[in-house]
Number of protein chains: 2
Amino acid sequence: MILTVDLDNEVPIYQQLRDQVVEAIAVGELRPGSPLPATRALAADSGINFHTVNKAYDLLRREGLIRLNRKTGAVVTVPDPHPSFPADWAARAKTLLAEAVAKGMPTEELLATCRSVIDSFANNELEDNS
Amino acid sequence: MILTVDLDNEVPIYQQLRDQVVEAIAVGELRPGSPLPATRALAADSGINFHTVNKAYDLLRREGLIRLNRKTGAVVTVPDPHPSFPADWAARAKTLLAEAVAKGMPTEELLATCRSVIDSFANNELEDNS
DNA sequence: TCTTTGTTATATATGTTATACAACAAATAA
DNA sequence: TTATTTGTTGTATAACATATATAACAAAGA
């Protein structure tokens with residue numbers, strides 16, 4: 001599990017860490033039961049404050065993606081989706097898709113991009129099973 | 001052109017306004033040449049400060065979606081996409097799609113949701129032509 | 001001239017982000 | 001038992017983002 005931060009990026013550090021963990025779960029690099037680095041270790045390796053890592057882990061915990069305790073550290077959980085998640089996600093997807101349409105991207109290209117990204121997740125999952 | 005704001009929403013007001021304009025352009029409710037409300041008028045109608053409206057309009061201008069001048073006010077422009085836009089957009093789409101996959105949403109449901117949203121844009125465009 | 005429009009400037013209040021230092025509690029290893 | 005490692009919590013500070021308030025300027029049109 002390799003996590004990196006870009007201090008020059010406008011995206012907050014804790015959000016960068018959160019996004020990388022989410023993508024790692026999506027591609028199957030992290031599965032239910034997989035451990036994440038200890039907050040202090042990750043902070044030292046990344047050259048950032050451990051409170052910032054703490055905030056990223058707390059966000060992931062509130063999203064229901066990881067579990068935290070003193071015994072095992074941070075561990076990926078089995079997904080337990082809220083009933084409202086699909087609708088909430090669709091609303092955010094609408095905003096993102098609208099931006100692309102407003103900027104003149106053809107709708108076929110939008111769907112092709114989404115399909116390509118999703119396929120890249122699935123393909124990585126298969127590779128990890130080998 | 002009806003714009004509303006939700007002060008209890010965690011999303012910043014200027015971002016809410018920006019998102020609504022983007023969606024209105026995507027569905028064809030706003031087209032190249034369409035005027036937007038004057039900053040002071042919109043601020044008064046929404047009960048917010050006109051500087052906040054100003055910030056939303058400035059963001060839309062920097063995104064290349066509207067044009068601002070003293071004569072005509074804020075006007076929707078013809079989309080002039082940057083060459084890097086599709087790649088940048090794909091990176092953001094990846095983050096959003098990864099979240100849904102990590103939360104256990106089936107990939108077919110993801111694509112179906114995207115397709116449904118895009119279709120809703122296209123359908124509204126046709127309705128506006130009548 | 002008067003009004004309307006965008007534009008710019010300054011100031012204030014509140015919330016967010018990130019860091020720093022410190023201490024506590026629980027589990028594990030020596 | 002002692003020492004270490006882990007997550008957890010607290011306070012403090014600095015920088016930046018968000019939103020409001022008041023004010024003034026410039027350009028176009030009625």
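Letters go in sequence order (proteins before strands), and every chain restarts at 1.
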Original post:
Can you check side-chain contact (heavy atoms from CB on, under 4.5 Å) on B:Phe121 and A:Lys94, steps first, answer last?
Top reply: CA-CA 10 Å; B:Phe121 294 157; A:Lys94 182 179 181 181; 4.0 Å; yes
Original post:
If you measure from CD on B:Gln16 to OG on B:Ser46, what distance do you get to the nearest 0.5 Å?
Top reply: 10.0 Å
Find the distance [X]:[atom1] to [N]:[atom2] and express it as a whole number of Å.
| X | N | atom1 | atom2 | result |
| --- | --- | --- | --- | --- |
| B:Lys55 | D:dA21 | NZ | C1' | 16 Å |
| B:Asp58 | D:dA19 | CG | C1' | 16 Å |
| A:Asn9 | C:dA18 | CG | P | 10 Å |
| A:Leu59 | C:dT17 | CG | C1' | 13 Å |
| A:Leu17 | C:dT19 | CG | C1' | 15 Å |
| B:Leu36 | C:dT4 | CG | P | 20 Å |
| A:Asn69 | D:dT5 | CG | P | 19 Å |
| B:Leu42 | D:dT20 | CG | P | 12 Å |

Original post:
Counting side-chain heavy atoms from CB outward, which of D:dT18, D:dT20, C:dT7 is closest to B:Ile13?
Top reply: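 My answer, after comparing the listed nucleotides, is D:dT20.
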Subject >> Among D:dT22, C:dT7, D:dT18, the one nearest B:Asn49 by side-chain distance >> reply: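 That would be D:dT22.
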**OP:** Mark yes or no for a side-chain to base donor-acceptor pair under 3.5 Å between A:His51 and D:dT9, with no hydrogen or angle criteria applied.
**Re:**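 Side chain to base: pair present.
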**OP:** Starting from the 5' end of DNA chain C, give me the residue, A:Gln15 or B:Arg61, whose nearest nucleotide shows up first.
**Re:**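 With A:Gln15 and B:Arg61 compared, the 5'-side residue is B:Arg61.
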Original post:
Base, sugar-phosphate, or nothing for B:Thr72, non-hydrogen atoms under 4.0 angstrom?
Top reply: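 Answer is nothing: B:Thr72 stays at 4.0 Å or more from every strand.
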**OP:** Pick base, sugar-phosphate or nothing for B:Asn54, based on heavy-atom distances below 4.0 Å to the nucleic acid.
**Re:** base
Subject >> Pair A:Glu108 + A:Arg115: basic N to acidic O under 4.0 Å >> reply: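 Looking at A:Glu108 and A:Arg115, the cut-off is not met.
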**OP:** Check the pair B:Arg18, B:Glu63 against salt bridge (charged side-chain N to carboxylate O under 4.0 Å, His left out), reporting the backbone distance first and the verdict last.
**Re:** CA-CA 10 Å; B:Arg18 175 268 182 195; B:Glu63 291 187 273; 2.8 Å; yes
Original post:
Quick one: is D:dT20 close enough that its OP1 or OP2 comes under 4.0 Å of any side-chain N or O from B:Thr52?
Top reply: yes
**OP:** Would you please confirm or rule out a distance under 4.0 Å between OP1 or OP2 of C:dT17 and any side-chain N or O of A:Tyr14?
**Re:**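 Answer yes for this pair, as a side-chain N or O of A:Tyr14 is under 4.0 Å from OP1 or OP2.
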Original post:
B:Thr72 and B:Asn69: side-chain donor and acceptor closer than 3.5 Å?
Top reply: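 Looking only at side-chain atoms, B:Asn69 and B:Thr72 do form a donor-acceptor pair, the distance falling under 3.5 Å.
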Original post:
Just by modelled atom types, is the A:Ile118 backbone N or O under 3.5 Å from a matching donor or acceptor in the B:Thr107 side chain?
Top reply: no
Original post:
Do any N or O atoms from the side chain of B:Thr52 and from the backbone of B:Ile48 form a donor-acceptor pair under 3.5 angstrom?
Top reply: no
Which pairs, protein N/O on one side and nucleotides 24-29 of chain D N/O on the other, fall under 3.5 Å?
{"unit_1": "D:dA24", "atom_1": "N6", "unit_2": "B:Arg40", "atom_2": "NH2", "d": "3.3"}
{"unit_1": "D:dA27", "atom_1": "O4'", "unit_2": "B:Arg70", "atom_2": "NE", "d": "3.2"}

